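Notes follow the structure.
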Number of protein chains: 2
Amino acid sequence: MDNADKLLIDTLFENGKTPLKELAAKVGLSAPSTSERLKRLEERGVIKGYTLNVASDQIGYPLRAIVRVSPMPGQLQRVTKLIQQTAEITECDKVTGEDCFVCKIHLKSIEQLDLILDSISQYAATNSSIIKSSPVKRRLPPL
Amino acid sequence: MDNADKLLIDTLFENGKTPLKELAAKVGLSAPSTSERLKRLEERGVIKGYTLNVASDQIGYPLRAIVRVSPMPGQLQRVTKLIQQTAEITECDKVTGEDCFVCKIHLKSIEQLDLILDSISQYAATNSSIIKSSPVKRRLPPL
DNA sequence: TCATTTCGCCTAATTATGTTCGGTATATTG
DNA sequence: CAATATACCGAACATAATTAGGCGAAATGA
């Protein structure tokens, strides 16, 4: 991971469709060499894939929430499965400490939150917070 | 947003580099029409951009944590700025409820967490959880 | 030390991919 | 019901990415 590799990752994180030519110019290499670099980054698993940023409010989800979930004794497996099967839960991390899971949920309405929490509450205690804004948008840590 | 548009978004979310030809085949349209669809999705702001999935452990960050941050009275502005300026904080949402912020942090080591928390703790109470696994990887809600 | 291999790079040619350009059918509107 | 707008198509064109062949510097090993 030299400077060129870092620049490639940084640039592609900003715009995953940056043309090879432009990438090559930025790192000061030829197109084929740059392509080789990328291939190696992919093979090494540094670059796991290319994806989209979608505006969730444009696809019918004006609300987002963060829900902390603490399964009741003996319900860990069930709750894990339930979380994975709830399509509106778009991200979930299992963490140390009091709460077991921290989930991000996309919602069509507040009512939908109630609905989803109800389905969980038989097996876990939950703590919900509506997202009001995002002071830090997804970004890379320093390379 | 008809079925074709949804398929395009779903497919590109999985692989942001899916060739137009393949997208066209999938939605049953010609390449130019598919390209038009994409352009409109971008113009309407549904597709906000293309980006990368990077393996954070491959770029020197084997640990991730979720930190909830509750600024002390009168320190909201300062804390907001501090969070934004802390490069290891790769995501932060401002939420309703007890805690004001929920942050995701990428870490080189546990010591680094201590360091970062120290810099915040003069202005806010914090509650940290180390991420042990991610039962739900980032995905789209139902389209 | 000097031959040998490996590696990363280059340019040029080739192939793949995406866009533009008429032009048509089907809705939409005055 | 004519006029316009929309979404689509195939063919031609333009752009972008990959492959092929070869060069030079650093690492490897006799």
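We use all heavy atoms of the structure for the numbers below, so side chains are in, but hydrogens, waters and symmetry mates are not. Everything quoted here is computed from the prediction, not taken from an experiment. Below, read A as the first sequence line, B as the second, and so on, with proteins coming before strands; counting in each chain starts at 1.
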- What salt bridge (Lys or Arg N to Asp or Glu O under 4.0 Å) pairs are there with at least one residue in residues 23-41 of chain A, not counting sequence neighbours?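 Every salt bridge (Lys or Arg N to Asp or Glu O under 4.0 Å) pair that includes a residue of residues 23-41 of chain A, provided the two are not neighbours, is D2(A)-R37(A), D5(A)-R37(A), E36(A)-K39(A), E36(A)-R40(A).
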- Kindly state each residue pair satisfying salt bridge (Lys or Arg N to Asp or Glu O under 4.0 Å) with at least one member in residues 107-116 of chain B, sequence neighbours excluded.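 Listed once each, the pairs would be none.
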Show me, pair by pair, the donor-acceptor contacts under 3.5 angstrom made by side chains of residues 76-88 of chain B, not counting sequence neighbours?
| from | atom 1 | to | atom 2 | distance (Å) |
| --- | --- | --- | --- | --- |
| R78(B) | NE | Q75(B) | OE1 | 2.8 |
| T80(B) | OG1 | L76(B) | O | 2.7 |
| Q84(B) | NE2 | P135(A) | O | 3.1 |
| T86(B) | OG1 | L82(B) | O | 2.7 |
| E88(B) | OE2 | Q112(B) | NE2 | 3.3 |

Sub-3.5 Å pairs of nitrogen or oxygen atoms, protein against nucleotides 22-27 of chain D:
none

- Message: Over the length of the helix from dT1(C)-dA30(D) to dG30(C)-dC1(D), how much do the five-pair end axes diverge, rounded to 10 degrees?
- Response: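 The value is 30°.
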- Please find the earliest and latest nucleotides of DNA chain C, in the 5' to 3' direction, that have an atom within less than 4.0 Å of any heavy atom of chain A.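 Going 5' to 3' along DNA chain C, contacts run dG8(C) to dA12(C).
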- Message: As an exercise, state the distance from CG of L117(A) to OG1 of T126(A), rounded to the nearest 0.5 Å.
- Response: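 Going from the CG atom of L117(A) to the OG1 atom of T126(A) covers 4.5 Å.
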In residues 92-106 of chain B, what donor-acceptor pairs under 3.5 Å come from side-chain atoms, sequence neighbours left out?
| from | atom 1 | to | atom 2 | distance (Å) |
| --- | --- | --- | --- | --- |
| D93(B) | OD1 | S134(A) | OG | 2.7 |
| D93(B) | OD2 | K104(A) | NZ | 2.9 |
| T96(B) | OG1 | I130(A) | N | 3.0 |
| D99(B) | OD1 | S70(B) | OG | 3.3 |
| D99(B) | OD2 | R68(A) | NH1 | 3.4 |
| D99(B) | OD2 | R68(B) | NE | 2.6 |
| K104(B) | NZ | E91(A) | OE2 | 3.1 |
| K104(B) | NZ | D93(A) | OD2 | 2.9 |
| H106(B) | ND1 | T90(B) | OG1 | 3.0 |

- Query: Does I131(A) share a hydrophobic cluster with V69(A), counting links as ILVMFWY side-chain heavy atoms below 4.5 Å and allowing steps through other members?
  - Reply: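 No, because I131(A) and V69(A) fall into different hydrophobic clusters, even though each may have its own neighbours under 4.5 Å.
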- List in chain and number order the residues that pass side-chain hydrogen bond (donor to acceptor under 3.5 Å, both in side chains) with S33(A), two or more places apart in sequence or in another chain; answer none if no residue qualifies.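 If we apply the side-chain hydrogen bond (donor to acceptor under 3.5 Å, both in side chains) test to S33(A), skipping adjacent residues, the hits are S30(A).
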Taking ILVMFWY side chains as joined if any heavy atoms are under 4.5 angstrom apart, and letting links pass through other members, which residues group with [X]?
X       : answer
L8(A)   : M1(A), L7(A), I9(A), L12(A), F13(A), L20(A), L23(A), V27(A), L29(A), L38(A), L41(A), V46(A), I47(A), Y50(A), L140(A), L143(A), L52(B), V54(B), I59(B), Y61(B)
L115(A) : none
M72(A)  : none

- Message: Do I116(A) and L107(A) make a side-chain contact, defined as non-hydrogen atoms from C-beta onward lying under 4.5 Å apart?
- Response: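 The answer is yes, as the side chains (C-beta and beyond) meet within the 4.5 Å cut-off.
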- Message: Measuring to OP1 and OP2 of dT6(D), would you say a side-chain N or O of R40(B) lies under 4.0 angstrom away?
- Response: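 Indeed not, no polar side-chain atom of R40(B) lies that close.
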- Does R64(B) reach the main-chain N or O of S133(B) with its side chain, forming a donor-acceptor pair under 3.5 Å?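 Not at all, since once roles are kept as given, no pair shorter than 3.5 Å links the two residues.
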Identify all pairs in which a protein N or O lies below 3.5 Å from an N or O of nucleotides 14-19 of chain D, and state each distance.
| from | atom 1 | to | atom 2 | distance (Å) |
| --- | --- | --- | --- | --- |
| dA17(D) | OP1 | L20(A) | N | 3.4 |
| dA17(D) | OP2 | L20(A) | N | 2.6 |
| dT18(D) | OP2 | S35(A) | OG | 2.9 |

